[in-house]
Amino acid sequence: MNHTIELKSGNLHSSFNKEYSPILTVQSGDTIETRTPDIQWGYSAHQGEERVIYSSRENEERLGHPLIGPIAIEGAKPGMVLEVRINQNVPGWYGRNWAGAPRLGKT
């Protein structure tokens, strides 16, 4: 079965927590299609289109990278191996990211 996850704040969070409720439950072999926001939680489908800023459904105090999910797999149990295949990765017209942090106290 094919699933599409809409890009909206209700499907995003930025930390791993087993207490978060799944946004979708799938069967082994299902396909999921989604779009991802940039590191600043923004997305624009086309040049000239205003960038939409999203937020975390979990209201985390400090946001990290935006994550979609969680997604549950029917019948999966703790300790089982999960195989994920990326069938297609289509980059958007722009991207934003960064790594590292400023050195505190250093100039």
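FYI, side chains are in, hydrogens and waters are out, and symmetry mates aren't considered; it's all heavy atoms of this structure.
- Proximity of I71 to V26: side-chain heavy atoms (C-beta onward) are separated by under 4.5 Å at one or more points.
- When all heavy atoms of Y54 and Y43 are compared, the pair lying nearest together is CE1-CB, 3.9 Å.
- Here the side chains of D38 and R51 are in contact, with some heavy-atom distance below 4.5 Å.
- Between P70 and H13 the shortest side-chain heavy-atom distance falls below 4.5 Å.
- Under the 3.5 Å distance criterion, the side-chain polar atoms of S9 are matched with a main-chain donor or acceptor of S55.
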For a quick test of your reading: what N or O donor-acceptor pairs under 3.5 Å do the side chains of residues 76-83 make, sequence neighbours left out?
from: E83; atom 1: OE2; to: R85; atom 2: NE; distance (Å): 2.8
from: E83; atom 1: OE2; to: R85; atom 2: NH2; distance (Å): 3.1

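- Taken to the nearest 0.5 Å, the CZ atom of R35 stands 8.5 Å off from the CG atom of L7.
- In this structure, I5 and I68 have side chains that are in contact, with non-hydrogen atoms separated by less than 4.5 Å.
- In this structure a side-chain-to-backbone donor-acceptor pair under 3.5 Å is present from E60 to S14.
- By the criterion of side-chain heavy atoms lying less than 4.5 angstrom apart, applied directly or through intervening Ile, Leu, Val, Met, Phe, Trp or Tyr residues, V84 is grouped together with I32 in one hydrophobic cluster.
- Using a 4.5 Å cut-off on side-chain heavy atoms (C-beta onward), R57 and N11 make no contact.
- Between the side chain of D30 and the backbone N or O of M1, at least one donor-acceptor pair lies under 3.5 Å.
- In the hydrophobic clustering of ILVMFWY residues, with side-chain heavy atoms under 4.5 Å counting as a link, I23 and L67 come out apart.
- For the pair P66/T36, no side-chain contact is recorded, criterion being any heavy-atom separation below 4.5 Å from C-beta on.
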Show the numbers, then the answer: is there a side-chain hydrogen bond (donor to acceptor under 3.5 Å, both in side chains) between Y20 and S15? CA-CA 10 Å; Y20 293 168; S15 60; 2.8 Å; yes
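- The OG1 atom of T31 sits 11.5 Å away from the CD atom of Q88 when rounded to the nearest 0.5 Å.
- Surrounding NE2 of H3 are more than 12 heavy atoms belonging to other residues, nucleotides or ligands, all under 6.0 Å away.
- Taking the side chain as every heavy atom from C-beta outward, I39 and H65 approach each other to under 4.5 Å.
- Side-chain heavy atoms closer than 4.5 Å link hydrophobic residues (I, L, V, M, F, W, Y) into clusters, and following such links, possibly through other members, connects V52 to W41.
- Looking only at distances, a side-chain donor or acceptor of S44 sits under 3.5 Å from a matching main-chain atom of E49.
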